[in-house]
There are 2 protein chains.
Amino acid sequence: MDRIDAMRAFVTVVNEGTFTRAADRLEMSPQLVSKYVSQLEQHLGVRLLNRTTRKLHLTEAGTRYHQRAEQVLTDIDDLENQLGDLQTEARGLLRISAPVSFAIRHMAPLLTEFQKAHPAVDIDLQLNDRKVDIIEEGFDIALRIGHLKSSSLIARRIAPVRLVLCASPDYLKQHGTPQRPEDLEHHRYLRYSYMDQDATGQVHRWLQSSARQAGGDMVSNNGDVLVEAAIAGAGIALQPTFIAGAAIRDGKLQVILPDHEPESMALYAVFAHRQLLASKVRSFIDFLDGYFGEPPYWDRFE
Amino acid sequence: MDRIDAMRAFVTVVNEGTFTRAADRLEMSPQLVSKYVSQLEQHLGVRLLNRTTRKLHLTEAGTRYHQRAEQVLTDIDDLENQLGDLQTEARGLLRISAPVSFAIRHMAPLLTEFQKAHPAVDIDLQLNDRKVDIIEEGFDIALRIGHLKSSSLIARRIAPVRLVLCASPDYLKQHGTPQRPEDLEHHRYLRYSYMDQDATGQVHRWLQSSARQAGGDMVSNNGDVLVEAAIAGAGIALQPTFIAGAAIRDGKLQVILPDHEPESMALYAVFAHRQLLASKVRSFIDFLDGYFGEPPYWDRFE
DNA sequence: GCTTATTATCAACTTTATGTTGATAATCGG
DNA sequence: CCGATTATCAACATAAAGTTGATAATAAGC
């Protein structure tokens, strides 16, 4: 016996006045209503209704139980409806973790548009380049760049992330433009701290090679700084196009060794579960999907 | 799935922090707790908990659901306990003290009917005309006749008790029918031992007057004996109608001085006041109330 | 006053759900 | 990296749910 259904049966019988009408309203058989009420009485150890075949009379216990049970039932209805709304209409606080440089350049218009489409959703955007534990830290979604390792999380690919080698025209005029990966040995490298250590490809190999002899390298955990340094002529940077693209299009940077471009990575949206996903999360993922285009607008610099 | 149990499972998991501890507390298997929570989520269409094998985290929906569900559960507990303590089905031994003559004539059908309505109640009926101490002697209810003195006990008026003066037609033919209270002076009085000493009214005054000169009075502590004596022509009795009524209706007794009938007394049910009246007691009092009618059936002799 | 219609409940039965057990995958501490 | 702990899955025997048809009891209609 589902006690809630039993309570509902009893309350309906009292309100409707007969078992049969209550059964109609509840869309079940009168026998079942009778059974529910009996079981409820047995469970409580109290007779709630004095029934003759023709008329029903509440006992004192029944009277007391009725009013409070009705209250409890509407509480439960409210409770479930509240969650129903939560599920169908996107609402609530959406907590997002995103990479710093990407978010600074490309998240603002997206979020603005998203909030326009879903006004009931509040957004908390935390910028962070380390790999957050979204469950532990209570995030709904994390945006991540890279090649994903397997995990219990679900990842949706949002956009490709191209990495390009680039430097300022002035720098290249002064130090020469590398024609082969080996030429990188003699250049200054503006290095990103979190760059995948296991990256493959000739370019990576030369850039991380201990054979390099240039000196004057620069390291940062922020791509913007490195790109700005490259524009100022500090050396060669290996950075994603979503950072460097605009500078390249404006002629402030020049792409080097385009034929040796490293394997493309991707931007992923990572979240906890596939089933019973809060609609604020689902809506946001759907919104992300395809938002940047393929190729994304920041890759249109050539 | 019992939704109440499912809610309880979820709330307990949240409060205890792990499925296993919740299962311990609820005295069921962790698998079942897991199943309940899953089914609750499915029923609601929302994910309530983000679970890794090691830690649990409430979702936003889970947070909202938790606090309100906890409230609902305590409401239900209160509701059921209230009924459990207060209104359990009438059962147990009901100890009743009652006046001898009244009980012999009028209690049997009442008790039979009551037991039919409350089969779980056993009855111990003690007949006694002295004033028992119901608390000291462990009675649940005492029936008493008279004008009640104040006490710490609760008294419920059950029926009026009329007293009538009566004698047999033969006696009256022989000794004459009194027309005024003073005429009682010369008649034989069949006296009830426990008759209130402080009774007022002309009839009482004359009956108890030391001026009486008839001689041959009879005293008993049992009204039935006195009424039988009156029928046999032994004298005049002052007895309640619930004893004499039938004889009067049958013409074996005749009412004397009907215009001087003493002030009516009453039958009371007396019981100890408690906050939580055992339902067997409450049921019996409710049952008594109105059972004999107003006027009671034994008064229909005229 | 007898019949008919309506009512609640009972009984038997089929279908569905429940709660157990043992097994599995995932994670954290050492 | 391993053992301990955790949540969950899968399969099974058991219990309950909910159906249908039957029965007893009452109120209204003729």
Side-chain angles (χ1 to χ4, degrees), chain A residues 1-43 47-59 62 131-138 148-155 270-276, chain B residues 1-43 47-59 62 116-117 119:
Chain A
M1 168 191 58
D2 183 316
R3 296 223 285 297
I4 293 178
D5 286 341
M7 285 170 66
R8 206 178 299 279
F10 167 68
V11 167
T12 309
V13 167
V14 173
N15 291 341
E16 295 292 322
T18 106
F19 279 67
T20 314
R21 278 218 300 282
D24 278 355
R25 169 166 283 258
L26 296 170
E27 295 181 343
M28 47 175 160
S29 66
Q31 291 92 329
L32 191 51
V33 176
S34 169
K35 217 174 196 177
Y36 269 171
V37 174
S38 294
Q39 286 176 344
L40 187 60
E41 288 180 329
Q42 195 156 7
H43 172 73
R47 190 157 190 92
L48 299 171
L49 290 168
N50 282 323
R51 20 210 195 288
T52 67
T53 49
R54 211 65 186 183
K55 286 215 166 178
L56 295 176
H57 290 278
L58 275 172
T59 64
K131 193 174 153 191
V132 301
D133 181 330
I134 64 171
I135 292 174
E136 186 71 30
E137 302 183 33
L148 279 208
K149 299 162 194 164
S150 71
S151 79
S152 63
L153 302 172
I154 309 297
V270 176
F271 50 97
H273 302 282
R274 208 185 290 279
Q275 278 175 336
L276 298 176
Chain B
M1 167 191 58
D2 183 315
R3 297 223 286 298
I4 293 178
D5 285 342
M7 284 170 67
R8 205 178 300 280
F10 167 68
V11 167
T12 309
V13 167
V14 173
N15 291 341
E16 293 292 322
T18 107
F19 279 66
T20 315
R21 276 217 303 281
D24 279 353
R25 169 165 284 258
L26 296 170
E27 294 180 343
M28 48 171 146
S29 64
Q31 292 91 329
L32 192 51
V33 176
S34 169
K35 220 176 195 177
Y36 269 172
V37 174
S38 295
Q39 287 175 345
L40 187 61
E41 288 180 327
Q42 198 153 7
H43 171 74
R47 190 151 195 104
L48 298 171
L49 289 168
N50 280 326
R51 18 208 194 291
T52 65
T53 49
R54 211 68 184 183
K55 286 214 166 178
L56 296 176
H57 292 273
L58 277 171
T59 64
K116 211 170 189 175

Quiz prompt | Under 3.5 Å donor-acceptor, A:Thr12 side chain and A:Ala22 backbone | solution = no
Quiz prompt | d(NZ, A:Lys35; P, D:dA16) in whole Å | solution = 11 Å
Quiz prompt | Which nucleotide in D:dG18, C:dG22, D:dG21 has an atom nearest any side-chain atom of A:Leu32 | solution = D:dG18
Self-check item: Rounded interatomic separation in angstrom, taking OH from B:Tyr36 and C1' from D:dC9
Solution: 18 Å
Quiz prompt | Within residues 8-25 of chain B or reaching into it, pairs that qualify as salt bridge (Lys or Arg N to Asp or Glu O under 4.0 Å) - sequence neighbours excluded | solution = B:Arg8-B:Asp77, B:Glu16-B:Arg21, B:Glu16-B:Arg25
Quiz prompt | Interatomic spacing from CG in B:Asn50 to CG in B:Leu56 - rounded to 0.5 Å | solution = 9.5 Å
Self-check item: Under 4.0 angstrom between B:Ser34 side-chain N/O and D:dA7 OP1 or OP2
Solution: no
Quiz item: Mind checking whether B:Leu58 and B:Leu49 have side chains closer than 4.5 Å, heavy atoms only?
Solution: yes
Exercise. May I have the distance from B:Glu16 (atom CD) to D:dT6 (atom P), rounded to whole angstrom?
Key: 13 Å
Self-check item: side chain to side chain contact (heavy atoms under 4.5 Å, CB included) evaluation trace for A:Phe19 with A:Val37
Solution: CA-CA 10 Å; A:Phe19 279 67; A:Val37 174; 4.2 Å; yes
Quiz item: Listed by chain and number, what are the salt bridge (Lys or Arg N to Asp or Glu O under 4.0 Å) partners of B:Asp2, not counting sequence neighbours?
Solution: A:Arg3
Exercise. Look at the side chain of A:Pro30 and decide which nucleotide, out of D:dT8, D:dT19, C:dT9, has an atom nearest to it.
Key: C:dT9
Quiz item: Can you check the B:Leu56 CG to C:dT27 C1' distance for me, whole Å?
Solution: 13 Å
Quiz item: Does C:dG19 have OP1 or OP2 sitting under 4.0 Å from an N or O in the side chain of B:Ser29?
Solution: no
Practice problem: Please determine, for the side chain of B:Gln31, which listed nucleotide (C:dA12, D:dA11, D:dT8) has the closest atom? | Solution: D:dT8
Exercise. For B:Asn50 and D:dT8, give me the distance from atom CG to atom P, rounded to whole Å.
Key: 11 Å
Exercise. Take the protein atom CD of A:Gln39 and the nucleotide atom C1' of D:dG18, then report the distance between them rounded to whole Å.
Key: 11 Å
Practice problem: Calculate the interatomic distance between B:Asp5 atom CG and C:dA17 atom C1'; express it in whole Å. | Solution: 14 Å
Quiz prompt | Spacing of B:Phe10 atom CZ relative to D:dA7 atom C1', expressed in whole Å | solution = 16 Å
Self-check item: DNA chain C-proximal residues of residues 18-27 of chain B, any heavy atom under 4.0 Å
Solution: none
Quiz item: About how many Å separate CZ of A:Phe10 and CG of A:Asp5, when rounded to the nearest 0.5 Å?
Solution: 15.5 Å
